[in-house]
2 protein chains.
Amino acid sequence: MTIPKAAETMPGAGTGETAASQVFDALKRDLISGRFAAGEKLAISTLKHHYAVGLSPLREALNRLAAYGLLEQHNQRGFRVPPLAAEELEDIARLRMRFECMALSQAFEAGDAEWESQLLAAQHRLLKADEEPQDLEHWEQAHLRFHRTLLAPCGSPWLLRFIGQLHDQFDRYRRLAPGDTVIRTRLDAQHGELAQLVLNRRIQDASDLLEEHIRLSWEIARGACVDRPG
Amino acid sequence: MTIPKAAETMPGAGTGETAASQVFDALKRDLISGRFAAGEKLAISTLKHHYAVGLSPLREALNRLAAYGLLEQHNQRGFRVPPLAAEELEDIARLRMRFECMALSQAFEAGDAEWESQLLAAQHRLLKADEEPQDLEHWEQAHLRFHRTLLAPCGSPWLLRFIGQLHDQFDRYRRLAPGDTVIRTRLDAQHGELAQLVLNRRIQDASDLLEEHIRLSWEIARGACVDRPG
DNA sequence: GTTCACAAAAAAATCGATTATTAGACAATA
DNA sequence: TATTGTCTAATAATCGATTTTTTTGTGAAC
């Protein structure tokens with residue numbers, strides 16, 4: 001009577017999905033992609049219906065997201081989406097520059113030919129995704145994967161963890177901001193240039209370009225912050 | 001019939017404690033102070049009795065702690081205490097050095113006379129705590145407060161958040177390791193020296209000393225890792 | 001002796017209902 | 001009119017029970 005689920009039969013699984021982890025993933029995606037308004041209070045009963053889960057797994061997911069920094073939790077008064085502030089974005093962007101350049105230089109030390117291959121592959125996938133702008137989620141996935149691959153061999157799990165966390169925070173701003181075709185084109189080109197600099201082992205140039213890349217993205221992401229007229 | 005709780009009548013409360021947040025704090029303390037064995041699987045029903053709470057708040061606390069990095073969560077097979085590994089400790093210690101030196105130099109830029117006063121006060125409290133080694137929890141609290149005060153004006157909430165997280169991770173190792181009177185004495189002295197260097201605005205010296213301080217603590221914390229005989 | 005299938009037990013995850021707290025409306029008072 | 005206090009509806013938090021999944025233990029087949 002018990003039908004084995006696909007995930008459980010997969011090799012090296014062990015990661016059977018629970019309702020809590022599924023709604024965590026879904027909520028995380030929706031928070032980063034800006035499906036909720038900044039500052040909005042989340043009505044738990046609404047979420048319950050929307051994601052079609054019970055209270056317990058939903059609350060567990062919300063608690064995880066709050067600990068991760070994608071939600072604010074206030075005792076006895078529920079959860080709300082963090083506001084967007086230019087000041088916080090600056091903090092996030094500057095830390096991204098420092099952390100990712102740090103990780104990149106370490107990746108150069110440890111990264112081997114396999115790394116170069118993976119990076120080329122990721123860059124190619126991203127390039128293809130660039131050409132199909134209609135499938136936004138696919139592009140986001142390829143983009144994230146490229147940046148992860150770039151820093152993967154850095155050898156510091158905790159640094160990568162923090163970088164990922166900052167990346168998620170940053171993307172919340174970026175994805176809410178209006179696009180800028182000119183900057184976007186330049187950003188897309190930088191991915192290819194980055195990969196080339198890695199292949200040529202140009203450590204300093206790669207680091208400089210990565211910093212510039214984050215700075216340019218920041219310029220776009222800024223657009224998500226409310227401009228208070230002076 | 002409803003008797004108002006103390007917390008609610010306190011000025012500026014708004015932070016009414018929930019069962020979940022209380023058991024979160026208690027569990028976090030116990031995890032960092034090494035009350036559970038590394039790698040141990042947590043029996044939820046046991047915790048339930050020990051902390052005298054229901055399942056829901058307990059599970060919410062566990063979920064938060066897992067997202068924070070003080071627990072490992074495996075779908076369908078509960079929570080376990082992360083193992084202690086010399087390799088991870090090295091990662092944590094090296095990042096602490098970089099992050100905290102980073103924060104310190106920024107603190108020098110932004111910190112004013114009020115900062116200096118707070119730091120002196122914190123150093124004095126820590127000094128008094130040094131003299132009463134029997135009250136370990138009190139010393140830990142004063143110690144944490146000193147280090148927080150030292151970096152507080154750095155102006156980067158996210159950097160401070162990560163530093164705090166790494167500090168918690170580090171302390172789990174340190175508090176499990178056997179003490180070393182000689183090193184401990186030197187470490188205690190360094191707190192006073194650090195405060196003095198801040199007062200004298202010796203940026204580079206303070207940064208060097210902070211790095212050395214973390215390196216020395218690391219030397220102690222290492223003792224928590226199992227030595228595999230070769 | 002090893003592997004496999006199955007049943008029983010244990011544990012994790014989830015649900016539905018209950019309790020406690022907050023926010024907002026409204027009236028009473030100064 | 002502003003302030004305070006009380007009531008009520010809405011919502012957050014928690015509990016107890018149920019369901020699902022994993023683990024453990026047993027014995028048969030190879």
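In what follows, every chain begins at residue 1, and chains take the letters A, B, ... in the order their sequences are listed. Only a predicted model underlies this, so the values are computations on that prediction, with no experimental measurement involved.
For B/H50, there are no side chain to side chain contact (heavy atoms under 4.5 Å, CB included) partners, not counting sequence neighbours. In this structure, B/R161 has no side-chain hydrogen bond (donor to acceptor under 3.5 Å, both in side chains) partners at least two apart in sequence or on a different chain. Here B/L70 pairs with B/K28, B/L31, B/I32, B/L65, B/Y68, B/Q169, B/R172 under the side chain to side chain contact (heavy atoms under 4.5 Å, CB included) rule; sequence neighbours left out. Residues passing the side chain to side chain contact (heavy atoms under 4.5 Å, CB included) test with B/Q22, sequence neighbours excluded: B/E17.
The shortest non-hydrogen separation linking B/W115 to B/A107 is CZ3-O, 3.6 Å.
Spacing between atom CZ of B/R77 and atom P of D/dT21 amounts to 13 Å, rounded to whole angstrom units. Separating the CD atom of A/Q73 from the P atom of D/dA13 is a distance of 7 Å, rounded to the nearest angstrom. For the pair B/Q76 CD and C/dA12 P, the computed distance is 11 Å after rounding to whole Å. Between the P atom of D/dA12 and the CG atom of A/N75 lies a distance of 13 Å, rounded to the nearest Å. Summarising the geometry, the separation between CG on A/L42 and P on D/dA13 is reported as 12 Å, rounded to the nearest angstrom. Whole-Å rounding puts the B/I44 CD1 to D/dT23 P distance at 14 Å. In this structure, the CD atom of A/E72 is 15 Å from the P atom of D/dA12, given to the nearest Å. In this structure, B/F79 atom CZ and C/dA11 atom C1' are separated by 13 Å, rounded to whole Å.
For B/K41, a side-chain nitrogen or oxygen approaches OP1 or OP2 of C/dA12 to under 4.0 Å.
Nucleic acid contact for A/L58: none, since no nucleic acid atom lies under 4.0 Å from a heavy atom of the residue.
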For a quick test of your reading: what N or O donor-acceptor pairs under 3.5 Å do the side chains of residues 145-159 of chain A make, sequence neighbours left out?
residue: A/H147; atom: NE2; partner: A/H143; partner atom: NE2; Å: 3.1
residue: A/H147; atom: NE2; partner: A/H191; partner atom: NE2; Å: 3.4
residue: A/H147; atom: NE2; partner: A/H213; partner atom: NE2; Å: 3.3
residue: A/T149; atom: OG1; partner: A/R145; partner atom: O; Å: 2.7
residue: A/S156; atom: OG; partner: A/L159; partner atom: N; Å: 3.2
residue: A/S156; atom: OG; partner: B/D91; partner atom: OD1; Å: 2.5
residue: A/S156; atom: OG; partner: B/D91; partner atom: OD2; Å: 3.4
residue: A/W158; atom: NE1; partner: B/E88; partner atom: OE2; Å: 3.0

Letter by letter from the 5' end, nucleotides 14-19 of chain D scores (B base, S sugar-phosphate only, - none; protein heavy atoms under 4.0 Å) BB-B--

